[in-house]
Protein chains: 2
Amino acid sequence: MYRQPAVLPHATVSGGWPHAGSEIARSGQLDALIALERIGARMRFARDQEIYAEGEPGAAWFKVVSGIVRISKLLADGRRHVAEFCFAGDSFGFERAAERGFSAEAVNEVTVLRLPFAATERLIEENPVLARHLRDEMLKSLDAAQHRLLLLGRMTACERVAAFLLALAERGDTRQLDLPMSRSDIADHLGLTVETVCRVLSDFKRRRLIAAPTAHRIELVDRRALAAIAED
Amino acid sequence: MYRQPAVLPHATVSGGWPHAGSEIARSGQLDALIALERIGARMRFARDQEIYAEGEPGAAWFKVVSGIVRISKLLADGRRHVAEFCFAGDSFGFERAAERGFSAEAVNEVTVLRLPFAATERLIEENPVLARHLRDEMLKSLDAAQHRLLLLGRMTACERVAAFLLALAERGDTRQLDLPMSRSDIADHLGLTVETVCRVLSDFKRRRLIAAPTAHRIELVDRRALAAIAED
DNA sequence: CGCCAGTTTGACCAAGATCAACGCAAGTGG
DNA sequence: CCACTTGCGTTGATCTTGGTCAAACTGGCG
């Protein structure tokens, strides 16, 4: 559901198409990242600050350097939909339409690399490795979206929450994970209500699958059982 | 949610990045399609025949020439998830993983263009327009997936069915549309059960929003009302 | 200390799932 | 040509999951 953990400068990026993680192209991919670093501008955003808004023209795509970015959309009647949480190494904002269909906000303190479309386009002409890297990023997003489609279309509340926790754990890699996002962020991401998310978490606590010292720090006690719930 | 209608040889394809439909690149895009036609193999599939299976290695991507392709996945416990219906002009099967995560089957009589990854890779080197075309196809898929994420995450059964009908209508373009796929295909695509799909359709009939001479042919009587239900 | 936003819990409700018939049209075989 | 089967589609009765509404709790922070 979520992409590999990767800190930007030393990112483990995937190679050829369609195989991920091949060794051959790795150095080339690193070149691509260095090239991007040259045309990109680093920017910092504070908690809940807007990186771009729905409806804006949109002249650049982004790469998360650190922190978490929330890609979301507000419906007319107030319902909100959080399409994605982007972690360090993830790319976002390469949408097709002339106007942005979603807004991007910082969940916590965030640093991103802003990459203008025009400069990227130029860079691609002379650097085919970058084109491949970009394609790979899109495929990662696509994969993630497909996985989430399954989650939202066919899984129960428990399954969704379990899958969410496990996905986060795969990034943070430790069994102690912190969720900087609010419960309603999580709910809007999983297609549930705040109350349901709370109840499922409480249920997991009662069943000793997780422990929660604070609301935003969760320990995965019985990872195997969680995996069994999330299955697939 | 769904891409523009497009018959392959005369396809209206979109241009630069990220703007869709720009006139400038159209002829170039046509070149790309002609180039693809050269490396691609046309294949026919009968109703319910498998184009590729979940777990297969996957050495090619595809473009639908005619007919409808169903991209789906079967869960361990029997639940099924239909990720996408692909219509003439749509591309599918460019997944990142070494193994296919979904299977592709023909919904009705289907013709596809099979495009091996290796040959595509080679063609891209010498034909940057193709690279752009491919990127565009991926962005289309991504857009579609995002839209469906919203649908599955936040919309009611009525809203889903209305949106589905309208999306189909935009492709077929007439008010008379036929749904060659079964009710359970539709249900598994919308994250509902067969019964719910039936009930909603019956409800729409009762409210004179649609008429249904047969189960697989539906007339949109009050498109405006349907649009109001689907909203957004 | 008291306020405020976010979190948690409980009581109740409704949308949609499940279970069970039934209808209907297209085969199939006698 | 007609009984019989088979696979969808439709409808109804009932149940469950998760949503809604409301209230209590918690932890920062002025």
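Just so we're on the same page: letters track the sequence lines, and every chain starts at 1.
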Heavy-atom donor-acceptor pair, [X] side chain to [Y] backbone, under 3.5 Å:
X      : Y      : result
A:R114 : A:M43  : no
A:N108 : A:I68  : yes
A:H216 : A:L179 : yes
B:R183 : B:A215 : yes

Within 45° of the six-membered ring axis of A:Y52 and under 6.0 Å from that ring's centre, is NZ or CZ of A:R100 located there?
-> yes
Where along residues 177-188 of chain A does a heavy atom fall under 4.0 Å from DNA chain C?
-> A:S182, A:R183
Could you list the protein-to-nucleotides 20-30 of chain D atom pairs, N/O on both sides, closer than 3.5 Å?
unit_1	atom_1	unit_2	atom_2	d
D:dT20	O4	A:R199	NH2	2.7
D:dC21	N4	A:E195	OE2	3.0

Answer yes or no: are there more than 12 heavy-atom neighbours, outside B:R217 itself, under 6.0 Å from its atom CZ?
-> yes
In residues 194-202 of chain A, what donor-acceptor pairs under 3.5 Å come from side-chain atoms, sequence neighbours left out?
unit_1	atom_1	unit_2	atom_2	d
A:T196	OG1	A:T193	OG1	3.0
A:S202	OG	A:C198	O	3.0

Where along residues 206-216 of chain A does a heavy atom fall under 4.0 Å from DNA chain D?
-> none
Residue pairs passing the salt bridge (Lys or Arg N to Asp or Glu O under 4.0 Å) test where at least one lies in residues 150-159 of chain B, sequence neighbours excluded | A:R79-B:E159, A:D188-B:R154
Would you mind reading off the distance between A:L192 atom CG and D:dT17 atom C1', rounded to a whole angstrom?
-> 11 Å
Do [Y] and [X] meet the salt-bridge criterion of a basic N to acidic O distance under 4.0 Å?
X      : Y      : value
B:D222 : B:R175 : no
A:K140 : A:D143 : no
A:R70  : A:D185 : yes

Interface limits on DNA chain C, where chain A has a heavy atom under 4.0 Å of a nucleotide atom = C:dT7 to C:dA11
